[in-house]
Amino acid sequence: MKGLLKGLGVTFKAMTSKKITYAYPDVPLQMPDRFRGIQHFDPDKCIVCNACARVCPTECITLTGKPNPDPDKKGKVIDTYDINFEICILCDLCTEVCPTEAIVMTNNFELATYSRDDLYKDRDWLNGNNSLIRQDNISMLPKGGAKKDV
Amino acid sequence: MQELIQQSFTWQNGLVFFGWGVVFLFVVLGFVTYAIYFERKVIGWMQLRHGPTRVGPLGLLQTVADILKLLLKEDTIPKKADRALFILAPVLVYVPSFAVLATIPYTQSLGFADLNVGLLYYAALSSISTIGVVLGGWASNNKYSLLGGMRSAAQMISYEIPLVMSVVGVIMLNGSLSLRTIVGGQGNNFWEWNFLPQIIGFVIFMIAAVSELNRTPFDLPEAESELVAGYHVEYSGFRFAFFMLAEYVYVFAISALTTVLFLGGWHPPLAVLDFIPGLLWFVLKFSFCVFFLFWLRATMPRIRVDQLMSFGWKVLLPLAILNIFLTAAYIEIFNK
Amino acid sequence: MIRTEELLLNVGPQHPSTHGVFRIVVKLDGEVITEATPVMGYLHRGTEKLAESLNYTQIIPYTDRMDYVSAMTNNYVLVHAVEKMMNIEVPERAEFLRLIVMELQRVASHLVWWGTYLLDIGAMSPFLYAFRDREIIIDLFNEISGARLTYNYMRVGGVKWDAPSGWIDKVRDFIPYMRKRMDEYDRLVSGNEIFLARIKGVGQYDADTAIAYGLSGANLRCTGVDWDLRKTEPYSLYDRFEFDVPLGQKGDCYDRYLIRLQEIHESLRILEQAVAQFPSGGDTMGKVPRVIRPPAGEVYARIESPRGEIGCYIISKGKAEPYRLKFRRPSFVNLQILPKLLVGETMTNLITILGGVDIVVGEVDC
């Protein structure tokens with residue numbers, strides 16, 4: 001009987017205590033800087049090294065390069081860059097291996113759509129997703145870890 | 001109202017009765033709507049949430065929206081269900097719950113029938129609802145609902161007896177089964193109310209009443225973590241709404257009955273507060289009873305079915321009988 | 001003559017108390033269970049097979065999704081196994097960070113268990129109280145790893161991120177807060193007579209049975225067997241800290257309940273010491289070759305997850321991908337005693353016992 005009354009006391013006290021509900025859809029959630037949201041892609045920085053596509057555990061990144069239009073410069077520039085957010089698990093490995101920080105995480109996380117087709121995000125969309133970009137990209141890992149021999 | 005009932009029955013009187021019945025039905029529906037809102041708010045606050053806030057100002061229209069949704073839903077009857085009984089069950093649950101309200105006096109003048117067997121009428125009618133629950137559980141042809149229906153039958157029978165036994169003491173003190181007389185027998189100060197001299201009866205009544213209501217911690221027939229939803233697993237739309245409605249009408253009935261039997265009905269807690277109208281006192285005490293039920297629901301885990309049975313038969317029933325003996329001895333010694 | 005028939009009841013995969021998509025087929029005689037058959041595999045994703053075509057860094061996000069209530073310990077068991085194979089030295093600071101997040105994870109995991117167990121038993125409020133406090137831990141994890149549930153935080157040789165500034169202080173502040181909350185939990189639930197009547201003496205087994213069925217974690221310690229890998233086979237830095245291993249005697253659901261609550265207290269004790277001894281500087285990543293290629297051979301590493309002994313068995317052929325990888329998942333092993341325990345119990349006790357085992361279906365089916 002005593003235990004029951006104690007329990008009733010706890011719930012009664014909780015009535016006036018501070019509520020912990022987030023006003024989420026009305027007030028956007030503030031995520032910490034390191035939050036792993038939808039990637040932002042900067043085509044100018046990309047050197048088409050394929051590291052991100054190779055390290056991706058779910059193989060959701062597909063990219064193609066084309067020869068540099070500037071004949072003086074060597075190497076390739078990015079042509080298409082698609083991430084399939086149906087299977088992307090936002091594990092952060094692609095941004096971790098990118099040697100030039102061409103692909104970085106943002107704090108945006110809202111992906112809900114009415115059609116699965118909308119979840120294929122292409123180069124332009126990812127480039128346009130440039131708000132709340134993560135600042136703290138310094139990782140302790142060796143850059144381009146999965147570049148060779150995989 | 002009282003004179004109206006005494007008159008001989010004519011078509012005109014019948015229409016007046018019907019009109020009052022409809023008015024009262026809407027009062028009860030209004031109560032149910034806001035009892036559900038109030039319950040969700042209270043439980044929300046106790047769980048560090050806000051409760052409904054989105055529909056209407058302060059979420060006041062939440063229940064209205066919920067009821068609308070239930071009415072618009074598809075009414076499904078399982079193919080293998082016993083169709084006639086499946087349809088009958090919610091009606092059988094709801095009708096007695098509304099009918100029992102007829103005998104409850106709210107103030108000196110406000111109230112419907114003043115039966116000289118009022119309490120017996122309440123106990124007898126409310127047990128009919130059990131049949132509806134068992135029928136619903138059986139007719140759905142679902143194993144979970146069958147288990148829920150069986151539990152409900154066992155539980156309601158076990159707790160009906162201590163419920164009635166516990167009020168025998170009150171009846172003995174007042175010498176009447178009429179609820180109006182019982183309230184009249186209590187005084188204008190809170191120590192003159194029945195709950196103090198009948199404290200054992202009061203506690204037993206509260207426990208048995210919560211059990212009769214199928215509410216936490218005695219919500220075994222619809223234990224959602226074991227039986228999914230118990231006897232109304234297969235019900236949807238307005239048939240489900242009827243089960244819910246009946247549950248909350250019984251909340252209304254039991255809270256009113258507790259107020260009448262033990263908390264002095266419309267009497268003020270102190271004689272000096274007599275200037276405040278009786279209806280307000282009634283509503284206050286009544287609201288406290290309703291709040292207490294919600295409070296219990298936010299705190300208590302569910303009791304186990306075998307423990308429930310042994311508690312009912314081995315603890316509550318002997319205590320209730322003891323209470324009757326004590327009351328009888330008291331009357332014999334002091335009131336001669 | 002009254003003829004009774006056995007009732008074949010399908011509990012799950014869609015059932016509010018099977019913690020996901022777990023299914024038990026029970027035969028009921030009235031409300032008494034005469035036979036129970038667990039059916040698993042509704043959440044099977046083939047993690048072990050998938051791992052054979054992934055390199056070791058890529059497997060880490062998959063371990064998050066095994067026991068998603070306790071992803072940090074799953075992360076650790078994989079990197080621990082690889083480090084053991086390659087003899088990699090992990091810097092002290094990284095090891096401290098790992099230990100702190102693992103102990104926080106243990107608290108968070110037990111809180112989830114506590115809340116959902118009470119929900120199974122029919123009390124609603126404890127669930128929300130537990131999640132209020134778990135939310136603080138989740139926010140801490142969000143700050144350090146960038147995710148709320150699937151952290152992908154540990155790496156072979158260290159951790160991905162150093163703690164952000166002020167993070168350790170937040171952990172330090174969390175400890176007294178949580179202790180206060182534990183008092184509240186005790187007042188709300190632990191003394192509740194209805195609750196005690198529900199769980200005392202339910203699902204009882206003795207130490208021999210527990211060992212024969214390979215149980216671990218609180219399910220083993222409730223019978224009085226002193227077996228906590230943090231003590232018996234210290235890994236990480238656990239040998240540096242003082243803590244007790246709570247033990248039960250009866251082996252019933254009540255003992256398991258008490259042990260898990262006591263383990264929260266012990267985890268807080270470890271956290272308190274770890275935060276105090278936290279090194280002020282140092283690397284968070286050891287010397288690791290660019291491509292992780294363990295030498296050919298086999299290794300089995302095991303640690304104490306909140307649910308019991310989680311083990312990782314790797315066969316390497318010297319390539320970047322494992323030849324075979326096997327996880328010993330405590331939820332799966334602990335569940336095997338269920339058919340034995342359930343016979344003769346009622347439907348109500350089925351929920352009490354199943355909840356008391358503390359399973360995560362993602363880990364059962366893997």
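The figures here come from the full heavy-atom set of this structure, side chains too, leaving out hydrogens, waters and symmetry mates. Just so it is clear: chains get the letters A, B, ... in the order the sequence lines come, proteins before strands, and each one is counted from 1.
- Taken to the nearest 0.5 Å, the CD atom of C:Gln58 stands 8.5 Å off from the SG atom of A:Cys91.
- Residue C:Tyr177 places its OH atom among more than 12 non-hydrogen atoms of other residues, nucleotides or ligands, all under 6.0 Å distant.
- By the neighbour-count criterion of 12 heavy atoms within 6.0 Å, atom CD of A:Glu59 is sparsely surrounded, having that number or fewer from other residues, nucleotides or ligands.
- Between C:Glu184 and A:Lys6 there is no salt bridge, since no side-chain nitrogen of the basic residue lies less than 4.0 Å from a carboxylate oxygen of the acidic one.
- Across all their heavy atoms, A:Arg36 and C:Asn152 have their closest contact at NH2-CB, 3.9 Å.
- Using a 4.5 Å cut-off between heavy atoms, C:Ile194 touches chain A through backbone and side chain atoms alike.
- At a 4.5 Å heavy-atom cutoff, C:Ile59 makes no contact with chain A through either its backbone or its side chain.
- Atom OH of C:Tyr323 has 12 or fewer neighbouring heavy atoms from other residues, nucleotides or ligands inside a 6.0 Å radius.
- Between A:Tyr22 and C:Glu135 there is a side-chain heavy-atom pair separated by less than 4.5 Å.
- Atom-to-atom distance recorded for C:Phe131:CZ and A:Ile20:CD1 is 10.5 Å, nearest 0.5 angstrom.
- Looking at heavy atoms from C-beta onward, A:Asp92 lies out of side-chain contact with C:Tyr153 at the 4.5 angstrom threshold.
- Across all non-hydrogen atoms, the minimal contact from A:Gly7 to C:Leu188 is O-CD1, 3.6 Å.
- Taking OG1 from C:Thr150 and CG from A:Leu90, the interatomic distance works out to 8.0 Å, rounded to the nearest 0.5 Å.
- Within the model, atoms NZ of A:Lys2 and CZ of C:Arg187 stand 12.0 Å from one another, a figure rounded to the nearest 0.5 Å.
- With a threshold of 4.5 angstrom between heavy atoms, C:Asp139 approaches chain A through side-chain atoms but not through N, CA, C or O.
- By the neighbour-count criterion of 12 heavy atoms within 6.0 Å, atom NZ of A:Lys76 is sparsely surrounded, having that number or fewer from other residues, nucleotides or ligands.
- Closest approach of C:Pro61 and A:Leu93 over heavy atoms only: CG-CD1, 4.1 Å.
- The neighbour count for A:Glu86 CD, taken as heavy atoms of other residues, nucleotides or ligands under 6.0 Å away, is above 12.
- Looking at C:Tyr151, the atoms closer than 4.5 Å to chain A (heavy atoms on both sides) all sit in the backbone: N, CA, C or O.
- Counting heavy atoms from C-beta on, the side chains of C:Tyr129 and A:Val10 come closer than 4.5 Å.
- Annotation: the span from A:Phe35 atom CZ to C:Glu143 atom CD amounts to 13.0 Å, rounded to 0.5 Å.
- Within the 4.5 angstrom heavy-atom criterion, atoms from both the backbone and the side chain of A:Leu4 approach chain C.
- C:Lys160 has a carboxylate O that lies under 4.0 Å from a charged side-chain N of A:Glu96, or vice versa, which qualifies the two as a salt bridge.
- Nearest heavy atom pair, residue A:Arg34 against residue C:Pro164, reads NH1-CD, 3.4 Å.
- With chain A as partner, the option from C:Asp186, C:Ile144, C:Ile292, C:Leu196 having the largest number of non-hydrogen pairs under 4.5 angstrom is C:Ile144.
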